[in-house]
2 protein chains.
Amino acid sequence: MLNLNEQLVHLLGRQIIQGKILPGTLLPKVEVMSEQYAVSRTVVREALKGLSSRKLVVSIPKKGTVVCARNEWQWWDPEVLSWACEDTPDYNFLQQLTEMRLAIEPTSSELAAKNATQEDIKNITDSFQKLESSAVNRSESEWAIADYNFHQSIMAASHNELLINLGNLLRNALLQSRQETIKGYSNDEKDSSISKEQALILHKNVYLAICKRNSIEARQTMYDLILNVNKILEKGKEKIKNEIKMNF
Amino acid sequence: MLNLNEQLVHLLGRQIIQGKILPGTLLPKVEVMSEQYAVSRTVVREALKGLSSRKLVVSIPKKGTVVCARNEWQWWDPEVLSWACEDTPDYNFLQQLTEMRLAIEPTSSELAAKNATQEDIKNITDSFQKLESSAVNRSESEWAIADYNFHQSIMAASHNELLINLGNLLRNALLQSRQETIKGYSNDEKDSSISKEQALILHKNVYLAICKRNSIEARQTMYDLILNVNKILEKGKEKIKNEIKMNF
DNA sequence: TAATAAATAATATCTGATACTTAATTATAT
DNA sequence: ATATAATTAAGTATCAGATATTATTTATTA
């Protein structure tokens, strides 16, 4: 279980990110919040530290604690991303995430082709083979995990800590965002299996380019892959949107 | 001036990021640090909150507070990045930053070509014209500012909050990192001016592609631009490395 | 009227006490 | 002897009351 202050960070952070508390809002003073949430002032203050280090609020003596503008928020914080993903099916945010992927992944692949060690190549090979077998087994969940690991193994081979860190944040956010969005809609076991063969080919192109140490090709094939994934996702979005419409 | 707890966050954060305190290290218990730094326990605890929200440390009852592994650190936090940039000329880190740019900027340009409003185009045009005039004036500092603004105006036109946020972090880190690294070496006013005309052409290609709304070309031209910038930076690095060698 | 001083309202800080958590150790029972 | 249960110890987590600091607003004075 989380600490009291962490619970409060989550409670307030979520409300801020999800627009329940708007930027510019003056939060109640510490003593009031202390009473309101039935915790000590210490806990409230420590929670405010958690929020201010994420640039969600700023505390000013005599004035109080105010909610920061969206452009000051530390979006690339795991908690902030998570709160944003929790927000009711937000296609706009999901799109931003996939656009980020289009930025990160090709470079990741390019650097992997340049910098991969023998061990990295082995890891990438392993994860690619798992992807192949999951395509044969036609298990959607197995594919998802294998896909996650494939991309992670490539990113690891880039040997760029910043990129790896960002990639992890992004992958987790996408995973969560998709789960939240899909929640309730279509237990999609094997419904996109038609395109699995095609997807596997795209993955194979990336894999081979990296093994060949062809960084230009590695970048290009990964770009093609992500673009294709995004297109499929796009279709899924449309479908869900229509389902939602039909309910009204 | 910063709060006491913020001062302590910086002091400890810097030491952790810069490897003066290694991952796995058990920090002294709160009471001891309180005495050591001559601040109250409250201040120490709030500072630890600042560090733990950046995943630099984790506090465990009975055990104490331990420094997290590098791969857990929240690299994409402005303070963390800043502390990393402060670290003695670290070419490896600088290279990671430039590699990140190679990831971000082409996508930024691509999205700008797709999503730019009329106002965005105007801003980009303005910043490009400033760039042109600074090239004519051959002022290195003026060019640096104009260049910064040019890339920022493009990123703003992507209308992707996540990308914009990351871009700002990256640009600032790069700026700081370059300043720290170059510090003392070569007041490079006009020493790279030979390639200014060439650089301007590359920028113009990007600018025109975006105006034409050609997203593929926008992506490609930006890629070429950043690649070229990196090459120049690479040369500078070599030069500095040699200078350092000569001093020993 | 303008400059200065006092009052005010919030955060920032200090302190001592208490609760909680967990690992290790010791005691107990089988 | 071994498994289980109770005890203890060492740290963080939490509480609450008092004081300091700071920036604004209000009152006072030249």
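Just so it is clear: chains get the letters A, B, ... in the order the sequence lines come, proteins before strands, and each one is counted from 1. Nothing here was measured: the structure is a model prediction, and the numbers come from that model.
Each of A:D87, A:L81, A:L56 was compared with A:I17 under the side-chain contact (heavy atoms from CB on, under 4.5 Å) criterion, and only A:L56 meets it.
Taking 4.0 Å as the cut-off between side-chain N and carboxylate O, B:K122 and B:D126 count as a salt-bridged pair.
At the heavy-atom level, B:L48 lies nowhere under 4.0 Å from the strands shown.
As rounded to whole Å, 16 Å separates atom P of C:dA12 from atom NZ of B:K49. Rounded to whole Å, atom P of C:dC14 lies 11 Å from atom CG of B:L8. With rounding to whole Å, B:L2 atom CG is found 17 Å from D:dT21 atom P. Across the protein-nucleic acid pair, B:N5 atom CG and C:dC14 atom P stand 10 Å apart, rounded to whole Å. Taking atom CG of residue B:L4 and atom P of nucleotide C:dA12, one finds them 11 Å apart after rounding to whole Å.
OP1 and OP2 of C:dT11 both lie 4.0 Å or more from every side-chain N or O belonging to B:N3.
Contacts between residues 21-46 of chain A and DNA chain C, counted as heavy-atom distances below 4.0 Å, involve A:K29, A:V30, A:R45.
Counted by atom type alone, A:Q152 and A:N168 present one or more donor-acceptor pairs between their side chains at under 3.5 Å. For the residue pair A:H10 and A:E79, no side-chain donor N or O sits within less than 3.5 Å of a side-chain acceptor on the partner. In this model, no donor atom of one side chain and acceptor atom of the other lie less than 3.5 Å apart for A:N71 and B:E161.
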Side-chain donor-acceptor distances from residues 29-43 of chain B under 3.5 Å, at least two apart:
{"from": "B:S34", "atom 1": "OG", "to": "B:V39", "atom 2": "O", "distance (Å)": "2.6"}
{"from": "B:S40", "atom 1": "OG", "to": "B:T42", "atom 2": "N", "distance (Å)": "3.4"}
{"from": "B:S40", "atom 1": "OG", "to": "B:V43", "atom 2": "N", "distance (Å)": "3.3"}

I need a per-nucleotide contact map over nucleotides 18-27 of chain C, read 5' to 3'. Cutoff is protein heavy atoms under 4.0 Å; write B for the base, S for backbone only, - otherwise. ---BBS----

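Checked against the 6.0 Å centroid threshold, B:F128 and B:H203 do not count as a close aromatic pair.
Distance CG/B:L48 to CD/A:E46: 9.0 Å, rounded to 0.5 Å.
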